[in-house]
Amino acid sequence: MFTELNSILNSTPDSFTKGEFILVSDRQSDASFLIHHFLSFYLRAQCKVCFLGLGQSFSHYCAISQRLGVSLAQAKEKGQLIFLEGLKESLSILIPQEGHTENQAMDFLRDPTVGLRSLYKFVQSSLNSSSSGEDGTEEWGPSVLLVDDISVLLSLGVSARAVLDFSHYCKATVCSQLQGNMVMLVRCDGEDEGDDGDDEGSELLLRGLTHQCSLTLHVQGLPTGYCRDIHGQVEVCWRRRQGDGQHTQKKLFQYKVNDKGASFFARGTSSAVL
């Protein structure tokens, strides 16, 4: 969990805005560190977390979370964390293995025409289940859905429009019905935002998700090129409904990631970048 980022977003595990859809995106950079931040943040906040790990293995997330002071294994054992290991489940469907119990959430790999209904039902059932742990003593806070990363579904043959429908239904359930939060990572293929790219690809998905969310964190490299002391920049954009319109506020920060955290600088305040 990155305390400097919490300060920027004006949130702590004890006090944060509920009902938010947070979109994390990157372009020719890696925003994964933000997913690890939000995972540790919501687990520390005692939220019930459903994590769709489509990009990496459970052991990968465990190792990084351990450095941030959070045990995913314990959270999973207590029933606080429901984890879908997308890589493992996809492989079990594409290459069936005897004795492996298949997870119906990835049914779209067998029949693309069914869409993502089973994946949505997995999210719905995971977060609508009892708020108490297996021993009946734990009471969890708001429900949270994390997805890393939603772009993987495109490479598995799912259309951008089907992914947007999935996101819309998840938002209605998690953010509106359960008054919880949702965090999704989407990766952009194009070199710049002006590149239209494939209308059925990541750019269409990014535009659609941006319209749905209330907060975006967009990570990209420095316009000046590689710098040893600064790893990139992140644009934070808040979207709030005001009357009949929408108010947008943007701030740009430079960042550096290390083994146990990240540092954020207001643009131009770091001596490492001119």
Side-chain angles (χ1 to χ4, degrees), residues 1-9 11-18 20 22 24 30-92 100-101 103 105-106 119 122-150 152 170 174 178 180-185 217 219 255-264:
M1 185 177 68
F2 309 145
T3 54
E4 290 184 20
L5 181 57
N6 288 342
S7 179
I8 292 171
L9 301 180
S11 62
T12 68
D14 296 323
S15 176
F16 58 91
T17 303
K18 300 177 179 63
E20 274 202 322
I22 302 172
V24 177
D30 186 3
S32 298
F33 69 98
L34 293 176
I35 290 295
H36 297 297
H37 161 76
F38 284 114
L39 177 59
S40 63
F41 177 92
Y42 288 119
L43 288 177
R44 287 179 183 272
Q46 295 299 301
C47 295
K48 178 69 176 287
V49 178
C50 176
F51 187 11
L52 306 184
L54 305 177
Q56 298 287 349
S57 66
F58 182 67
S59 59
H60 168 84
Y61 297 110
C62 277
I64 296 179
S65 293
Q66 198 72 40
R67 294 203 295 266
L68 296 178
V70 174
S71 172
L72 297 193
Q74 288 183 6
K76 189 176 180 182
E77 183 179 353
K78 291 188 299 183
Q80 182 187 10
L81 174 65
I82 307 298
F83 185 85
L84 176 68
E85 191 164 359
L87 293 174
K88 183 178 180 180
E89 296 300 335
S90 298
L91 186 62
S92 69
H100 178 76
T101 302
N103 193 318
M106 307 293 283
L119 188 59
F122 173 83
V123 172
Q124 187 181 40
S125 62
S126 297
L127 296 179
N128 276 331
S129 59
S130 173
S131 61
S132 61
E134 292 178 359
D135 58 1
T137 60
E138 297 283 358
E139 291 293 332
W140 308 124
S143 298
V144 173
L145 170 64
L146 273 76
V147 185
D148 177 28
D149 74 77
I150 199 73
V152 170
C170 286
V174 179
L178 300 176
N181 287 359
M182 190 163 77
V183 182
M184 287 187 176
L185 169 64
L217 294 93
V219 176
Y255 70 90
K256 179 179 181 179
V257 179
N258 52 54
D259 285 343
K260 294 186 178 180
S263 300
F264 294 83

Less than 4.5 Å apart, any side-chain heavy atom of [X] and any of [Y]?
X      : Y      : result
Phe122 : Leu52  : yes
His37  : Leu68  : no
Leu217 : Leu5   : yes
Leu81  : Phe58  : yes
Val219 : Tyr255 : yes
Leu39  : Leu72  : yes
Phe38  : Val144 : no
Asn181 : Val183 : no

Verify side-chain contact (heavy atoms from CB on, under 4.5 Å) between Lys88 and Ser57, making sure each step is shown before the conclusion. CA-CA 8 Å; Lys88 183 178 180 180; Ser57 66; over 6 Å; no
Roughly how far apart are [X] [atom1] and [Y] [atom2], rounded to 0.5 Å?
X      : Y      : atom1 : atom2 : answer
Leu178 : Lys48  : CG    : NZ    : 10.5 Å
Leu119 : Gln124 : CG    : CD    : 12.0 Å
Leu185 : Leu146 : CG    : CG    : 10.0 Å
Glu85  : Ser90  : CD    : OG    : 10.0 Å
Ser143 : Leu127 : OG    : CG    : 4.5 Å
Asp14  : Arg44  : CG    : CZ    : 11.0 Å

Can you see which heavy atom on [X] is nearest to which on [Y], and at what distance?
X      : Y      : value
Ser126 : Cys50  : CB-SG, 4.0 Å
Asp148 : Ile35  : CB-CG2, 3.9 Å
Ala45  : Pro13  : CB-O, 3.3 Å
Leu84  : Ala105 : CD2-CB, 4.2 Å

Residues in ring-ring contact (aromatic ring centres under 6.0 Å, His included) with Phe51, at least two apart?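 Here the qualifying residues are Tyr61, Phe83.
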Sequence-distant partners of Ser11, side-chain contact (heavy atoms from CB on, under 4.5 Å), two or more places apart: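 By the side-chain contact (heavy atoms from CB on, under 4.5 Å) rule, Ser11 matches Asn6, Leu9, Phe16, Phe41.
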If the condition is side-chain contact (heavy atoms from CB on, under 4.5 Å), which residues does Ser71 pass it with, not counting sequence neighbours?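 For Ser71, the residues satisfying side-chain contact (heavy atoms from CB on, under 4.5 Å) (neighbours in sequence not counted) are Gln66, Ala73, Gln74.
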Determine whether a donor-acceptor pair (N or O, by modelled atom type, separation under 3.5 Å) exists between the side chain of Glu20 and the backbone of Met182.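 Checking the backbone N and O of Met182 against the side chain of Glu20, no donor-acceptor pair under 3.5 Å is found.
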Is the backbone of Leu43 close enough, under 3.5 Å, to the side chain of Gln80 for a donor and an acceptor to pair up by distance?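 Yes, the answer is positive, given that a donor and an acceptor are paired below the 3.5 Å cut-off.
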Would you tell me whether Ser32 and Asp30 have side-chain atoms, one donor and one acceptor, within less than 3.5 Å of each other?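 There is such a pair between these side chains.
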